[in-house]
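These numbers come from the heavy atoms of this one structure, side chains and all, not from hydrogens, waters or symmetry mates. A, B, ... follow the sequence lines: proteins, then strands. Residue 1 opens every chain.
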There are 2 protein chains.
Amino acid sequence: MTPAAGPRAVVAVDIALCTVRDGALHVLVGQTRTGPFAGWWTLPGGLVRRDETLDDAAARELSAQTGIRDVYLEQLYTFGHPARDPQGRVVSVAYVGLVPPERLDDVRAGDKYAQVAWRPVADLPALAYDHASVVATAVERLRGKVAYTNLVYALLPPAFTLGELQSMYEAVLGRTLDRRNFRKKLLSLGLLKPLGRTRRGPHRPAALYGFRRRRPMVVEIL
Amino acid sequence: MTPAAGPRAVVAVDIALCTVRDGALHVLVGQTRTGPFAGWWTLPGGLVRRDETLDDAAARELSAQTGIRDVYLEQLYTFGHPARDPQGRVVSVAYVGLVPPERLDDVRAGDKYAQVAWRPVADLPALAYDHASVVATAVERLRGKVAYTNLVYALLPPAFTLGELQSMYEAVLGRTLDRRNFRKKLLSLGLLKPLGRTRRGPHRPAALYGFRRRRPMVVEIL
DNA sequence: ACAAAAGTGTTGGATTTACACCCATGA
DNA sequence: TCATGGGTGTAAATCCAACACTTTTGT
């Protein structure tokens, strides 16, 4: 470990920013404006600066390229195949991000992108680099983690119905859950606080709930 | 993501090579011979070469510095605080490695180290860089993962008794388990094959078992 | 004989699953 | 009135936790 002498590599971060929309997991992709992958879709990301942490770099790039700030971000995996970038050795530290639905439309394309778009993970366009693997790894991580953490709080608005909460789990897990058992379990965990308000619609009004604590905790949910 | 232009960082790998000895988790550390941390204990690791994958780099450095080859290795987390190395920007991709006890004595110090030693994770010497965090993260990962995978196969010799298997779980998890329930559960999972031999000692001979499949699988164990 | 670990079943409680009907609203 | 989702309880099955005595060997 003698930094002065060794071969150098560029370190980048890439972010798989996820959300659930219309009952399906989506990820944010941007259409690159220039460079060898001009016209291709990629995950937001970019080079790590000399004086910032990896977490800071992920938040900064995400904000610069998509306008999205202050979301849940966690380091996912580091992709370092020597040929993953045709231009040279780039080691990419991938992150998963989670955005609640009320902020989906805050996204705007930064300089690097002609456009950004939410795409269902089940129907992605061809992605540049190894970004398809990044998305696959992110989905795997989410699937695994929602079952034993309260992570979905980062995918939900401040107030939601139990039906919406259940749809969230179903979308991430890709399977349906029994409604009565789901309610019993979640209410028994004490993670939620009833807000005393209701959501109205073309049906019986539904009680609204919020998370008692909006920060990551491990709790056996399913 | 324009590799040609950006600021450069050095990419390294560090390996927390773990084993269970005398009923306790141990990690392999080496006493650095030269450089600014001469005399300090560090985890084996080193710079990633231009043309190798991260996994290859981890295996190569481990083999070069400790003589240990062909062990279970999995990527753990990437540490990139700008000040983690006093000499410059080094982003380190950390790995966890697992070695079975019959290979503990294959370790020999490579050129970089004056000596290498197995130390209990509960009683580590001061480690250079952020290697204490790496070990802590590795232990956390192992604790979490043994409960829902068959990972312990990588910590056990080809033949072992159920008692030894149980001690392995107890050492990693840091708690005791009920013997009868443990046996019932593990035998019911069908992960083990009885070898038809026994281990003798100053007590009743114990049946020997091996893992049916020595590769990572997710199985709910505890 | 003794020490040390191996081997072995049952029971009660808790948890999980499966399952069907009525309710309140907006259109 | 109809369509839509909200709200609710029970019984069976399964899983999990707790628990003690006998066996075989080496010394």
message: In terms of relative ring orientation, are Y77(A) and F79(A) parallel, tilted or perpendicular, with 30° and 60° separating the classes?
response: perpendicular
- prompt: Y129(B) vs H131(B) aromatic rings, parallel, tilted or perpendicular, using cut-offs 30° and 60°?
  reply: tilted
Name the atoms and distances for all side-chain donor-acceptor pairs under 3.5 Å in residues 19-30 of chain B, with sequence neighbours left out.
from	atom 1	to	atom 2	distance (Å)
T19(B)	OG1	V99(B)	O	2.7
H26(B)	ND1	A24(B)	O	2.8

- prompt: Whole Å only: how far is the CD1 atom of I221(A) from the P atom of dT15(C)?
  reply: 15 Å
message: Using whole Å, what does the distance between atom C1' of nucleotide dT16(C) and atom CZ of R175(A) come to?
response: 12 Å
Between side-chain atoms of residues 114-123 of chain A and protein atoms elsewhere (two or more places apart, or another chain), which donor-acceptor pairs fall under 3.5 Å?
from	atom 1	to	atom 2	distance (Å)
Q115(A)	NE2	Q31(A)	OE1	2.8
W118(A)	NE1	L104(A)	O	3.2
R119(A)	NH2	D123(A)	O	3.1

message: Quick one, L142(B) with V139(B), criterion side-chain contact (heavy atoms from CB on, under 4.5 Å). Give me CA distance, side-chain angles, the key distance, then yes/no.
response: CA-CA 5 Å; L142(B) 287 180; V139(B) 171; 5.8 Å; no
message: Aromatic contact between F160(A) and F211(A), with the criterion being ring centroids under 6.0 Å apart: yes or no?
response: yes
task: Give the rounded distance in Å between these two atoms: CZ of F182(A) and P of dG7(D).
output: 13 Å
- prompt: Contacts to DNA chain D from residues 159-173 of chain B, heavy-atom cutoff under 4.0 Å, which residues?
  reply: none
- line: R199(B) meets the salt bridge (Lys or Arg N to Asp or Glu O under 4.0 Å) criterion, sequence neighbours left out, with E164(B)
Indicate every side-chain donor-acceptor pair of residues 172-180 of chain A with a distance under 3.5 Å to a residue at least two apart or in another chain.
from	atom 1	to	atom 2	distance (Å)
D178(A)	OD2	R180(A)	N	3.2
D178(A)	OD2	N181(A)	N	2.9
D178(A)	OD2	N181(A)	ND2	3.2

task: Give the rounded distance in Å between these two atoms: CD of E220(A) and C1' of dA14(C).
output: 15 Å
query: In the 5'-to-3' direction, what one-character label does each nucleotide of nucleotides 15-27 of chain D receive under the scheme B = base within less than 4.0 Å of a protein heavy atom, S = sugar-phosphate only, - = no such atom?
result: --BBBB--BBBS-
